[in-house]
Amino acid sequence: MPPWDAALALLLAVLALLSLLGQRLWRPWKGVVGAGTLPGGPDQHDEGELDGGGPADRFSDGHEPLPGGCSLICKPSALAQCLLRALRRSAALEPGPRSWLSGPHLQTLCHFVLPVGPGPELAREYLQLADDGLVALDWVVGPCGRGRRVTNAGGLPAVLLVIPNAWGRLTRNVLGLCLLALERGYYPVIFHRRGHHGCPLVSPRLQPFGDPSDLKEAVTYIRFRHPAAPLFAVSEGSGSALLLSYLGECGSSSYVTGAACISPVLRCREWFEAGLPWPYERGFLLHQKIALSRYATALEDTVDTSKLFGSRSLREFEETLFCHTKSFPISWDTYWDRNDPLRDVDEAAVPVLCICSADDPVCGPPDHALPTELFHSNPYFFLLLSRHGGHCGFLRPEPLPAWSHEVVLESFRALTEFFRMEERMKGLSRRRASFLGGRRRWGSLQKREVSPSSHLEESFSWKRSYTR
């Protein structure tokens, strides 16, 4: 484990001990989503939460119940019905027996702190951008012990673009998602920002929180390499701001077929300003400082590095790095006008499934963290709200993968089938219209009165033009 990983693990381990000692603060419950199937079925939940209103029950208007105490919040449509049917059939949402991973802090810490293990085999590519900066693409090439399933029947394997969190930490859940996607027949590729996860910082410019310009060039390159393959995208935690910004700016010109955001940070400015619980705030802040410390000399010409590495909050760090620059300083308001991931959300034309937990200790309570009006009004956005799962956790007992991964891939499969059926119906409609139009033209020809002398000439002329 690298030194900064050890420091981060040591700091966050304090929270793990506190969460173990403070389990009595969390209400007891009887099921963990995705751990298996209880004999009593999916309705065995904490009676207090069902009657008294757990966090998810505050959105009782306009949501569809799902197994495992989950809810799907969306605007009614044919696509929503298709997704709802797929989720109701999903075995990943079935409730199971209580696990030691039930607490939200343990779910979150196991995701961020535990070592990633052997992981997949990666083939790295560096993509030089228009301003000579570099981003990295890690193509997942193995291993795949069992037979791969086909995700796009009759076509090429779909490409799955995975965007990690904004801090650049490659978590065990991201790698687990890549392995599961590879097994299901996808071709996963992980996008790394400038200076993240071993990608060299060749110019003193980092990527702002919601600036999708680098991602646009990466998606264009992926499309160039796989022009005929469908492209799906998944983001984790704070990395969702990048994906949502891309979908909003590109609109209907996006190359993405479908997208999913796991524990997204949707109200980003409020999230920075309110701050996180201190162990998470200090842990994420320490991780960013250690990651950028290797580029301290290169950044001296653009930012005040002493103030940057002396920051005491995520907001102060973000503001110093991107607002208080020496060449082009901007205000905090201007920064979020340009980087709010929902600034162009009305332009998004790609189905987006957001998987969130009501006990997320990083994003906060859903009534403050989730703009539910977005999911009620926009037909492209769907919210799967779970009672439990922590932040980017959604873990199940080993060796089962996180149930959020299963749900994401099942939703992509449902989208593929839905769009294939839509194209088939459009094709039948076009053929039917062409057939009826031909019959109408033939009827009009039959009704025309022509002289016998001109019959052969007109018939010959029509046949010649038809066979050209």
Side-chain angles (χ1 to χ4, degrees), residues 2-5 7-12 14-15 108 112-113 133 163-171 192-199 201 203-212 214 235-242 245 263-341 361-364 369 391-392:
W4 60 267
D5 269 354
L8 180 62
L10 181 61
L11 178 64
L12 294 182
V14 177
L15 181 59
T108 305
F112 280 103
V113 176
I163 303 175
N165 55 71
W167 324 132
R169 175 161 174 77
L170 197 59
T171 61
H192 296 291
R193 311 183 193 208
R194 307 173 185 226
H196 283 188
H197 201 69
C199 179
L201 186 65
S203 63
R205 180 183 180 272
L206 292 166
Q207 188 172 12
F209 196 77
D211 179 10
D214 293 354
S235 59
E236 179 193 54
S238 53
S240 300
L242 192 60
S245 296
S263 297
V265 180
L266 298 177
R267 290 174 171 164
C268 297
R269 177 173 181 173
E270 294 84 348
W271 184 72
F272 272 98
E273 293 175 348
L276 280 62
W278 71 266
Y280 297 107
E281 181 97 9
R282 297 298 181 184
F284 294 148
L285 184 60
L286 176 63
H287 172 78
Q288 291 195 85
K289 289 180 179 179
I290 296 176
L292 284 183
S293 61
R294 58 185 300 189
Y295 304 117
T297 304
L299 294 174
E300 284 181 350
D301 295 335
T302 57
V303 298
D304 185 350
T305 53
S306 60
K307 183 178 179 181
L308 178 69
F309 294 108
S311 303
R312 297 186 177 182
S313 66
L314 289 175
R315 173 184 173 168
E316 185 181 357
F317 188 89
E318 190 82 6
E319 195 169 5
T320 303
L321 186 60
F322 296 109
C323 298
H324 300 163
T325 59
K326 297 180 179 179
S327 54
F328 300 103
I330 59 175
S331 66
W332 184 245
D333 293 335
T334 304
Y335 178 74
W336 285 112
D337 288 341
R338 301 174 182 175
N339 289 277
D340 188 340
V362 174
C363 291
H391 183 73
C392 300

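Scope of the values below: all heavy atoms of this structure, side chains included, with no hydrogens, waters or symmetry mates.
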| said: Holding to side chain to side chain contact (heavy atoms under 4.5 Å, CB included), I want the full list of residues that pass it with Ser293, two or more places apart in sequence or in another chain. | reply: Phe309
| task | Check step by step if side chain to side chain contact (heavy atoms under 4.5 Å, CB included) holds for Leu206 and Phe322. | result | CA-CA 8 Å; Leu206 292 166; Phe322 296 109; 4.0 Å; yes
| said: Evaluate Ser311 against Glu319 for side chain to side chain contact (heavy atoms under 4.5 Å, CB included), listing each step before the verdict. | reply: CA-CA 10 Å; Ser311 303; Glu319 195 169 5; over 6 Å; no
| task | Apply side chain to side chain donor-acceptor pair (under 3.5 Å) to Ser245 and list each qualifying residue two or more places apart in sequence or on a separate chain. | result | Arg343
| message | Determine whether a donor-acceptor pair (N or O, by modelled atom type, separation under 3.5 Å) exists between the side chain of Glu300 and the backbone of Thr305. | response | no
| Main-chain N/O of Cys392 paired to Ser263 side chain as donor or acceptor, under 3.5 Å | yes
| query | Do Pro361 and His391 come close enough that some side-chain heavy atom pair is under 4.5 Å? | reply | yes
| field | Arg282 side chain vs Arg312 backbone, donor-acceptor pair below 3.5 Å | value | yes
| query | Trp271 side chain to Ala369 main-chain N or O, any donor-acceptor pair under 3.5 Å? | reply | no
| Backbone of Trp167 reached by a side-chain donor or acceptor of Gln288 within 3.5 Å | no
| Quick one: does Tyr335's side chain have a donor or acceptor within less than 3.5 Å of a partner on Pro208's backbone? | no
| Beyond-backbone contact of Cys268 with Pro341, side-chain heavy atoms, under 4.5 angstrom | yes
| Which atom names give the shortest non-hydrogen contact between Ser238 and Ala166, and what distance separates them? | OG-N, 2.9 Å
| task | Begin from the C-alpha positions of Arg338 and Asp211 and carry the test side chain to side chain contact (heavy atoms under 4.5 Å, CB included) through to its verdict. | result | CA-CA 8 Å; Arg338 301 174 182 175; Asp211 179 10; over 6 Å; no
| query | Under 3.5 Å, side chain of Lys307 to main-chain N/O of Glu316, donor-acceptor pair present? | reply | no
| Trace of the side chain to side chain contact (heavy atoms under 4.5 Å, CB included) decision for Ser313 with Glu281 | CA-CA 7 Å; Ser313 66; Glu281 181 97 9; 3.4 Å; yes
| query | Picking from Asn339, Asp333, Asp340, Asp337, what satisfies side-chain hydrogen bond (donor to acceptor under 3.5 Å, both in side chains) with Arg269? | reply | Asp333
| Contact summary for Arg194 and Leu201, nearest pair of heavy atoms | CB-CD1, 4.0 Å
| pair Phe284-Asn165: side-chain heavy atoms closer than 4.5 Å | no
| Can you tell me if Glu270 uses its side chain to pair, donor with acceptor, with the backbone of Ala274 under 3.5 Å? | no
| Main-chain N/O of Thr302 paired to Thr325 side chain as donor or acceptor, under 3.5 Å | no
| message | Can a donor-acceptor pair be found, under 3.5 Å and without considering hydrogens, that links the side chain of Thr320 to the backbone of Phe317? | response | no
